[in-house]
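Worksheet for the structure shown next.
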Amino acid sequence: QVQLVESGGGLVQPGGSLRLSCAASGSIFSINSMGWYRQAPGKQRELVAGIISGGITDYADSVKDRFTISRDNAKNTVSLQMNSLKPEDTAVYYCTASVKQRGSRSFQAYWGQGTQVTVSS
């Protein structure tokens, strides 16, 4: 099995910064893409940022120039540096990874349990 564990959420004032981290562990042979989604109350889960193994990144328009995603392929970790946070960034943030387990022929998506980010004065 594969587990994703997030850390780094919390309460921050508008304009502040937070860094989220996610570590994947378990029977991992290879990880293709990793990313972060978020879900605010009453809204659908949305992609925040993604990164593939080659380092190409993708961001939601609402977070471009404020958030930066990075990954450490050797450690199977992905991070999200969030700057200039706004109240509308408040949500539960979920880590996701596309993982091929040892002995498997295909990649499968795994999700973390989520971490709350609240931006409020």
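Side chains included, hydrogens not; waters and symmetry mates left out as well; all remaining heavy atoms used.
- Both M82 and V12 are members of a single hydrophobic cluster when ILVMFWY side chains are connected at heavy-atom separations under 4.5 Å.
- With contacts defined as side-chain heavy-atom distances shorter than 4.5 Å, the pair D58/L47 qualifies.
- Side-chain atoms of R19 never come within 3.5 Å of backbone atoms of Q81 as a donor-acceptor pair (strictly under, hydrogens ignored).
- Of the charged side-chain nitrogens involved, at least one lies within less than 4.0 Å of a carboxylate oxygen, so that K64 and D61 count as a salt-bridged pair.
- Note on W36: it does not cluster hydrophobically with I52, by side-chain heavy-atom contacts below 4.5 Å among ILVMFWY residues.
- To the nearest 0.5 Å, the span separating NZ on K75 from OG on S21 amounts to 10.5 Å.
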Which atom pairs, donor and acceptor, lie under 3.5 Å between side-chain atoms of residues 114-121 and protein residues at least two apart or in another chain?
residue	atom	partner	partner atom	Å
T115	OG1	G9	N	3.4
Q116	NE2	A91	O	3.4
Q116	NE2	T118	OG1	3.3

| Worked check of side chain to side chain contact (heavy atoms under 4.5 Å, CB included) between F29 and Q101 | CA-CA 5 Å; F29 176 75; Q101 294 190 64; 6.0 Å; no

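- Counting non-hydrogen atoms of neighbouring residues, nucleotides and ligands closer than 6.0 angstrom, the CD atom of E88 exceeds 12 such neighbours.
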| task | Determine, stepwise, if the pair S17 / N83 fulfils side chain to side chain donor-acceptor pair (under 3.5 Å). | result | CA-CA 4 Å; S17 298; N83 299 328; 2.9 Å; yes

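- In this structure, the side chains of E6 and W111 stay at 4.5 Å or more apart for every pair of heavy atoms.
- Within the structure, ring-ring contact (aromatic ring centres under 6.0 Å, His included) contacts touching residues 47-104 (residues at least two apart or in different chains) do not occur.
- Side-chain N or O atoms of Q39 include none that pairs as donor or acceptor with a backbone N or O of Q44 at under 3.5 Å.
- Linking Ile, Leu, Val, Met, Phe, Trp and Tyr whenever their side-chain heavy atoms come within less than 4.5 Å leaves V92 and L20 in two separate clusters.
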| query | Could you walk me through whether D89 and R38 pass the side chain to side chain contact (heavy atoms under 4.5 Å, CB included) check? | reply | CA-CA 9 Å; D89 294 317; R38 67 186 181 188; 3.0 Å; yes

| message | Please evaluate residues I31 and N73 with respect to the criterion side chain to side chain contact (heavy atoms under 4.5 Å, CB included), reporting the C-alpha separation (whole Å), side-chain torsions for both, the decisive distance (0.1 Å), and the verdict. | response | CA-CA 8 Å; I31 299 179; N73 292 330; over 6 Å; no

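- Looking at residues two or more places apart in sequence or on another chain, you find no ring-ring contact (aromatic ring centres under 6.0 Å, His included) involving Y110.
- Between the OG atom in S98 and the CD atom in Q108 there is a gap of 9.0 Å [rounded to 0.5 Å].
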| said: Using side chain to side chain contact (heavy atoms under 4.5 Å, CB included), reason through S53 and R71 one step at a time and then give a plain yes or no. | reply: CA-CA 8 Å; S53 58; R71 66 185 281 178; 4.2 Å; yes

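- Counting only heavy atoms from C-beta outward, the side chains of C95 and V78 approach each other to under 4.5 Å.
- Distance check: I28 CD1 to S104 OG gives 12.5 Å after rounding to the nearest 0.5 Å.
- For L18 against G8, the heavy-atom pair with the smallest separation is CD2-O, 3.9 Å.
- The OG atom of S70 sits 6.5 Å away from the CD1 atom of I51 when rounded to the nearest 0.5 Å.
- A continuous path of Ile, Leu, Val, Met, Phe, Trp and Tyr side chains, each step under 4.5 Å between heavy atoms, connects L80 with L4, placing both in one hydrophobic cluster.
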